[in-house]
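Below is one structure, written out as structure tokens; the observations come after it.
Both counts, for ligands and for their atoms, begin at 1 and track the order of listing.
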Amino acid sequence: MNLNGSWVRSIARTERGVRILDQRRLPWDIEWVELASAEMAARAIREMWTRGAPLIGAVAAYGLAMALRNDPLALDPAYAQLLDARPTAVNLRWALDQVRDHVRNLPLDARAAAAFARADAICDEDVALNRAIGEHGLTLLEQLHARNPDRPLNILTHCNPGWLATVDYGTATAPIYLAHDRGVPLHVWVDETRPRNQGALLTAFELAGHGVPHTVVADNAGGLLMQQGEVDLVIVGTDRVTANGDVCNKIGTYLKALAARDNGVPFYVALPYTTIDRSLASGSEVPIEARSGDELAWITGPMQTGELATVKVTGSAVHNPAFDITPARLVTGYITERGVTATI
Ligand code: MRU
């Protein structure tokens, strides 16, 4: 996507490995970091320098390739190390499986090159999948806008399901970018998405960069906006959809789905097939990542001088589950690369 006038992907090959944006510093600093080993890739995923379900899959795929470059016998330990980096998004396992299955029967001296090639292909496929999600979602947005053509289509989204969470375009943002580019008037309500503020920091940064009209709202504002008729549809991304269609996504998504149902607002989930986990029957089986309470207890941001400051907002005990489950019955439809479907 367009980053300060240059067209970039969120991950790209370098001589020693790959470069990623350090998302902990966005939107204040645009800093590319080079990952040159599997250990660095695992750390970048675990510590959320990089994040978002499809993107952590891509980073892990390159991590495995880098491990094999150092030691072609390291397939299983490196796979385990990278898989352990974060528990919830199934794309991480999917991408590691893709690389492992691609190289495991090859001669040792051919493994690294083949792993890098598969990781490159995973990235290209992710871009194509998101483009296709965007095209199908665009048709949906055009239809919804046609029902009320005199005002912009108001879309509410949660977390960052954008190009920063994928290789390019994003999942839930792909239809938004395409619709904006093709002249569908729209406006996006961006949930702040506490505690890490992926909405306020990342989604808003992306939408601003693309010129999409948007407004950041507190996580608790969505229900009122729906009651006031200010939301035409909700589109969110997802980290894992189980066989019955339950949707695991950033904490707070479920409450938006409940409010949407109560107010007759359509609730859509945008996802590529790489996010479906048919091995799990329902959302109750998804491992929910428990993140450090520090994410809630401390807030970081720029002071008036421009310097970053970190301040404490509570000294109490903190519980910080990072994801929740939206039952399939609350989902109006799934926007996938194959089309918009009522079931998965
Ligand atoms: O904890 P994060 O920031 O990695 O969570 C990411 C999300 O919840 C995204 O919305 C998700 O990966 C799906 S959209 C690509």
Arg13 meets the side chain to side chain contact (heavy atoms under 4.5 Å, CB included) criterion, sequence neighbours left out, with Val18, Tyr62, Phe116, Asp120

*Do side-chain atoms of Thr88 reach the backbone of Glu289 as a donor and acceptor pair under 3.5 angstrom?*
yes

Taking the six-membered ring of Phe323 (Phe, Tyr or Trp), confirm whether the NZ or CZ of Lys250 is under 6.0 Å from its centre and within 45° of its axis.
yes

#### Entry: Carboxylate-amine/guanidinium proximity below 4.0 Å for Glu39 and Arg43
no

### Query
Should we say atom CZ of Arg182 is surrounded by more than 12 heavy atoms from elsewhere, each under 6.0 Å from it?
yes

Within the 4.0 Å heavy-atom cut-off around ligand 1, the contacting residues, ordered by chain and number, are Met48, Arg51, Gly52, Ala53, Pro54, Arg86, Cys159, Asn160, Pro161, Ala165, Thr171, Gln198, Gly237, Thr238, Asp239, Asn249, Lys250, Phe323

Tell me whether Lys256 contacts the main-chain N or O of Asp219 through its side chain, where contact means a donor paired with an acceptor under 3.5 Å. yes

